[in-house]
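This report refers to the structure that appears directly beneath it.
Below, all heavy atoms of this structure are taken into account, side chains as well, without hydrogens, waters or symmetry copies. Here the structure is a predicted model, which is why all the values come from computation and not from measurement.
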There are 4 protein chains.
Amino acid sequence: MADQDSLITQLFDEEEELTDKQKKIIIAAIESFSEKGYAATSTSEIAKKAGVAEGTIFRHYKTKKDLLLGIVAPAMAKLLAPFVIKDLYKVLDTKYEHFEDFLRAMIENRAAFLKKNLPLFKILIQEIPFHPELKEQFTEHIAKKVFDRFIKLTEYYQEKGQIIDLPPQQILRLTITTIMGYFIARYLFLPEADWNDEEEIELTIQFLMRGLAAN
Amino acid sequence: MADQDSLITQLFDEEEELTDKQKKIIIAAIESFSEKGYAATSTSEIAKKAGVAEGTIFRHYKTKKDLLLGIVAPAMAKLLAPFVIKDLYKVLDTKYEHFEDFLRAMIENRAAFLKKNLPLFKILIQEIPFHPELKEQFTEHIAKKVFDRFIKLTEYYQEKGQIIDLPPQQILRLTITTIMGYFIARYLFLPEADWNDEEEIELTIQFLMRGLAAN
Amino acid sequence: MADQDSLITQLFDEEEELTDKQKKIIIAAIESFSEKGYAATSTSEIAKKAGVAEGTIFRHYKTKKDLLLGIVAPAMAKLLAPFVIKDLYKVLDTKYEHFEDFLRAMIENRAAFLKKNLPLFKILIQEIPFHPELKEQFTEHIAKKVFDRFIKLTEYYQEKGQIIDLPPQQILRLTITTIMGYFIARYLFLPEADWNDEEEIELTIQFLMRGLAAN
Amino acid sequence: MADQDSLITQLFDEEEELTDKQKKIIIAAIESFSEKGYAATSTSEIAKKAGVAEGTIFRHYKTKKDLLLGIVAPAMAKLLAPFVIKDLYKVLDTKYEHFEDFLRAMIENRAAFLKKNLPLFKILIQEIPFHPELKEQFTEHIAKKVFDRFIKLTEYYQEKGQIIDLPPQQILRLTITTIMGYFIARYLFLPEADWNDEEEIELTIQFLMRGLAAN
DNA sequence: CATGAATGAGATTTCATTCAT
DNA sequence: GATGAATGAAATCTCATTCAT
């Protein structure tokens, strides 16, 4: 519960004044949505899991979809976006002199973050293809911001002669694809296989480095 | 319709003797499931789209879930599995002398295949996490078969000194992850972005080659 | 099967020319109706049990109800009625000098008959309350005929001073009630209890004799 | 309605807090089940008769079968069992010195009771053969309890030399069979015949007395 | 705020019956 | 006669949502 409380405080501002029940609803909804998918989860199920009357959900969220958005939107705005963007700043502050250092910092951070917020991550991945609103929010909050910064960052390392001279968009695509590919395989497709995370991450970094290093 | 007919003939043996209506049901179900997801698709919707009475669906499939499995199971067994495995044979017949040739053949083939069977592919990707039966079938039909062959294939190229000396499982993971990462981004997450497929594929191959080449 | 064939030949005249399939349908229907009740039995279930296509049932019987009546009506007319009435004749032919002999013959005969035709008997008992047509047939074929004969028979034994001087209707009611009560308890309510049939029947006869004997 | 309310209060504890609609559902279900049988009664029919939305039924009872059990179980536990057993106590308190007094009290009481709760009685009789759960409950709540007491009671009268020296189980079987036989004929099979209840009951008692009296 | 009974639209499923072959 | 695919009406059941308390 300490864990979930921290999730809640991360997701919502203090002024938002969530009641106890509302918090429980959010936690229950995240759990159910991530396990069975949005469409296959009933509100009554969420209510039961939250220990709350069925009507209570609808005091706080006009519709079931509202509940989804009420979870995913702040998750993107408050959790994912800042986190995704975070280190991208530091590079230009010359925090990471080498692309490899940057990669390593980024991946390790993200891995820890994803593991902690796995359910939210699963909801995002699974529901985005079905809800245009989510896709919009995603592009709005994440894609755009990442894109600009990453372009600059890539150019920075390219100028330093560290990475290959490809259009930055493609560097971006390959990087994200490789990293996300690992995470999706790891957490969505074969979560029960036994993974040696540290080794896989190092492997992934080395692979990326070889693939993107200037020759 | 010619297109779908070919899909049907690929998915089902001739002896199975599907009636006309049953074919229409399958086509409609594939379309709807892939667009809205299994749980969010109603059988009445499928019936309407197929131009069939709702009862007709249940004459052929005892439950809605049966319908899903009745589509996905043959899709894996008849379509996906042979296709995925196909070129893996040829390598040992020294069809592809260089790993790069193999990669290129494999990716190009798969890309064409996926584009043609996109809806089935989407259903697979989206529903596997929610249906243990599907996951089992997947491991059974696809994962196991690919795994063994790919190991041998990797060792073959490693002996020829063409690719890096990593455990074959990891070569496999990186290869699949990179390729699937592209496809998922391309077709599931950002299908409407305008992609230059040829260029991206070539890029991906080069990236993989650099990442996996023996130094 | 020999058994069922004999049932069929008892139920239907030879001229009726039942096809093989029709016989199977009848046998299957009797089995299912008696086990689960008419309303809870589906025609498709009967078809499957009979090894016959669903449509075949409706070639022979316009409706499901027709099938019920097509079984129960001949069962009453051909099987039950003659059997019930049978010994009632003999009495007046002075076959049975004592009421007790008559009772014993009647009960033992009936018991054997019921055991052999239990499913039909169950259908009759269970469905009569819900189908006015059956009730009518029952009164028509059985009740009326029995009634008249039994009245005479009772008077015969009353004149001989063997049984108590009550209105024959009441003698009839008590007799039937006692006998049927035993059969219903035995076969419908507690069929799986272990009954010593011979003993119970003898007991029942003695009980009836004491209850009805002229003092 | 006053009548049904009393039925409801008899069937359910006050703490159970049935809503008004739930009561209406129960009353409607009892009526329909007893008239047409469980399998032939649709939930929509019950809903309409109860003046309630169909969904409301399923809010209170997960399945249609649950509704049946939710009616029959308390009917056995609260109504039938106490009633059946009731006078059996009194005998040993020397309330009834003669077996005949006991019989008369028992039958008259039960007749009144049955007439009042006819629908419930019909449901019980008609559905027990098809639902193992009901049969179990019946043996549990009724049969077992009656059995023990009746054995003792019989021995009591046997010691007093009032009834015949048969194994008590058989005395029990004959007694119940005779009484129930009357009730079933009276209320299930020929309810519309015109019965002179008082006379029939007296007749039945006399018959039983003669049949069971010690000679 | 919270409850939970009630709703009614709709989802899944069953089933008697029809009909072209 | 026999088949079994197809039907559509109806049955069972689910569920998001409302509302009186």
Within the 4.5 Å heavy-atom criterion, are A:L7 and A:I27 side-chain neighbours or not? no
Can you tell me how far CD1 of B:I30 sits from CD1 of B:I25, rounded to the nearest 0.5 angstrom? 12.0 Å
Using a 4.5 Å cut-off on heavy atoms from C-beta on, say whether the side chain of A:L134 contacts that of A:L124. no
Just how far, in rounded Å, is C1' of F:dA5 from CD1 of B:I26? 15 Å
Minimum-distance pair of heavy atoms, taken over all atoms of D:P129 and C:Q126: CB-NE2, 3.7 Å
F:dG4 P sits how many Å from C:I57 CD1, rounded? 13 Å
Spacing of B:D20 atom CG relative to F:dG4 atom P, expressed in whole Å: 19 Å
In whole Å, what is the span from the CG atom of D:D66 to the P atom of F:dT14? 11 Å
Are more than 12 heavy atoms from other residues, nucleotides or ligands located less than 6.0 Å from atom NZ of D:K65? yes
Under 6.0 Å from the six-membered ring centre of B:F33 and within 45° of its axis: does the NZ or CZ of B:K122 meet both? no
By nearest-nucleotide position on DNA chain E, the 5'-leaning member of D:A53 and A:V52 is A:V52
Please report, rounded to the nearest Å, how far the C1' atom of F:dA6 is from the NZ atom of B:K23. 16 Å
Testing E:dT12, E:dT7, E:dG4 for proximity to the side chain of B:S42, the answer is E:dT12
With a 4.0 Å cut-off on heavy atoms, is B:T19 in touch with a base, just the backbone sugar-phosphate, or nothing at all? sugar-phosphate
Measure NZ/A:K48 against C1'/E:dT3 and give the value in whole Å, please. 16 Å
Using atom CD of A:E45 as one end and atom P of F:dC13 as the other, report the distance to the nearest whole Å. 19 Å
Check the interface with nucleotides 17-21 of chain F: list each N/O to N/O pair with the protein under 3.5 Å, or write none.
unit_1 : atom_1 : unit_2 : atom_2 : d
F:dT17 : OP2    : A:K64  : N      : 2.6

Enter the distance from C:H60:NE2 to C:T56:OG1 here, rounded to the nearest 0.5 Å. 6.5 Å
Both D:K21 and B:A39 contact DNA chain E. Which one's nearest nucleotide lies toward the 5' end? D:K21
Can you tell me the Watson-Crick or wobble partner of F:dT7, both distances under 3.5 angstrom? E:dA16
Report yes if at least one side-chain N or O of B:H60 is closer than 4.0 Å to OP1 or OP2 of F:dA6; otherwise report no. yes
How many whole angstroms separate atom CD of D:Q22 from atom C1' of E:dG4? 13 Å
